[in-house]
Amino acid sequence: MHFFNESDPRYIFFHVSSDGCILFRFEYKPKKIKTENGKKAKKRKQEYEDEEEEERSTDGSKWKFLEHKGPVLAPPYEPLPGHVRFFYDGKLLRLSAPAEEVATFFAKMLDHEYTTKEMFRKNFYKDWRKEMTSEEKSKITDINKCNFTEMSEYFKAQSEARKQMSKDEKLKIKEENERILQEYGFCVMDNHKERIGNFRIEPPGLFRGRGDHPKMGMLKRRIRPEDIIINCSKDSKHPKPPQGTRWKEVRHDNKVTWLVSWTENIQGSIKYIMLNPSSRIKGEKDWQKYETARRLKKCVERLRAQYREDWKSKEMRVRQRAVALYFIDKLALRAGNEKEEGETADTVGCCSLRVEHIKLYPKMDDQEYVVEFDFLGKDSIRYYNKMPVEKRVFKNLQLFLENKQPEDDLFDRLNTSILNKHLQELMDGLTAKVFRTYNASITLQQQLKELTSPDESIPAKILSYNRANRAVAILCNHQRAAPKTFEKSMQNLQTKIDEKQKQLSATRKQLKGAKTEHKASHDDRSKKMVEVKRKAVQRIEEQLMKLQMQATDREENKQIALGTSKLNYLDPRISVAWVKKWDVPMEKIYNKTQREKFAWAIDMAEEDYEF
DNA sequence: GGTGTGACTTGACCCCAATCTT
DNA sequence: AAGATTGGGGTCAAGTCACACC
């Protein structure tokens, strides 16, 4: 059997009226499997299509046929060569293989700051001891007496050697990776060959949580076939476990989209292997998400009026819900589920805000009723913002704060489940996160409208696009650490600009000279010269402008990450429409992967698309 | 309601290969 | 050819939300 490799998605969609809102039913048709030629194939094709028309009905099944090769397991541990030594308390100590493996995890991280953190060291040491022989346990009693430097040096040398490999060797590795990708990186789901997202099982190592994580440094154990659940069709060719091993389970659950799962030992949560964002199943979901956000657009004013009304409610519960919703809407905060204390870093979202996270200022500078937010959100990224709010919100907040300690919940009568139940009643499919999607997308659309000037150049248009994107990223608080090389790369760019500037003035001077000469001689040759110089000036001006745009863009982007909003919050059809409207090449906005992920939108949206 | 679990989306950061510069 | 830079992909942690069960 062989497959199409080029993706040429086709879509069918229906409008379904519900509650005055238009719903879409997504029917995404990526490439078909190309089977044998001839009548038989034609007949099969017809069968597939007949099947497809009736599929995705009401029973919640996600697929009918699923076949894959299973995961790629982590490579087995390779013991260190004899010359790499470990010292305890200054004395050479030969470690057993299991203890050595865990020690190498630590050694590999030695240059990272977190290996100096007490919590990291403590957790590592505790888990490391579990891997030691009783003899090792009795000898090694203090992690501070462990010397991992030779191991660390060895790994550094290894990675150095890898960099120094010849072209041939590198090519071989590349080919091998390609082979593995071809073998394990694709599956067949309902007549389509689809790319798998993460087909490699996570290798063992030391857990590194984000922020101040209580479990940092713990051993993330090796996943064996016996830990792995395979999900595929009964009538498919089941993936084979490695010789002499067996899977934990092979199941055939078409109510879920994952192919492989296992339970991770740090939090005890389940990890999955799923399809790539370019797949039908992910694309449909993505489309659906934006359609829900568009339905919110249609009723958002009604909901806003409602929560403003609720600020006056005599029920505390309702007031809290209404203020929280106001924050979610206005500031694009996340819902804020409760978390188990001591299991994860201490971070919050809207519903889990605590008294200590906000400060109220009846007056601040020339503004009234200012709320200052300062808390750690997802991934322990700090959210800091000062916002003037309406008097009624302010008064409510004062009320919520009464008689509370800093560590008490701000919204003590509210959680995400209550909030989402309420939202569900207001609009079918509405949850807290839809507001983020809606506000992000609507902001992009508005900003694009506002910032794009019809007669600016393509680079200027791209700057406008990035600025619109940036407005969203700021709204959603998508920050990044300023790149380590930021200052330098900025400087380099500035040098380039200075040089261009010099070049420009030199060329301008030449143009002037050419003009004078032409005035004097009036011959063809001097006329040509003027033209040549004029063109040169123009070209250099363009180059200079492009550089300046780039510099502005980069500077403004120093601590802002655009990727997350682009990938997860912005209805791609807005961008596609914009690109088509202004004749900006699609590649300037979406790279190859993004174009694959958003193939449905590129296909669907015309320049008049309105979110 | 409260709690636990499962499935799926969102998120920042790291690394490396491709590309650009010297 | 070697070194520097950068974009993009991969990684895997950390969210959201639905649902089952009591």
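Everything numeric in this text was worked out from a predicted model, so none of it was measured.
- For the pair A:Arg595 and C:dG8, the criterion of a side-chain N or O lying under 4.0 Å from OP1 or OP2 is not met.
- The residues A:Arg222 and A:Glu101 are annotated as salt-bridged, a charged nitrogen and a carboxylate oxygen being separated by less than 4.0 angstrom.
- Atom CD of A:Glu343 and atom P of B:dT5 are 11 Å apart (whole Å).
- For the pair A:Glu340 CD and B:dG2 P, the computed distance is 16 Å after rounding to whole Å.
- A:Glu160 has its CD atom 13 Å from the C1' atom of C:dG3, to the nearest Å.
- At a cut-off of 3.5 angstrom, counting only N and O atoms as typed in the model, there is a donor on one side and an acceptor on the other between the side-chain of A:Lys378 and the base of B:dT10.
- Where A:Arg208 and A:Asn276 each meet DNA chain C at their nearest nucleotide, the meeting point lying more 5' is that of A:Asn276.
- The pair A:Glu596-A:Lys592 counts as a salt bridge, with a side-chain nitrogen and a carboxylate oxygen less than 4.0 angstrom apart.
- The side chain of A:Lys271 places an N or O atom within less than 4.0 Å of a non-bridging phosphate oxygen (OP1 or OP2) of C:dA13.
- Between the side chain of A:Tyr290 and the backbone N or O of A:Leu570 there is at least one donor-acceptor pair closer than 3.5 Å.
- Whole-Å rounding puts the A:Glu202 CD to C:dG10 P distance at 15 Å.
- Here the two rings, on A:His68 and A:Phe199, have centers that are 6.0 Å apart or farther.
- Two residues, A:Arg317 and A:Met274, neighbour DNA chain B, and the one matched to the more 5' nucleotide by heavy-atom proximity is A:Arg317.
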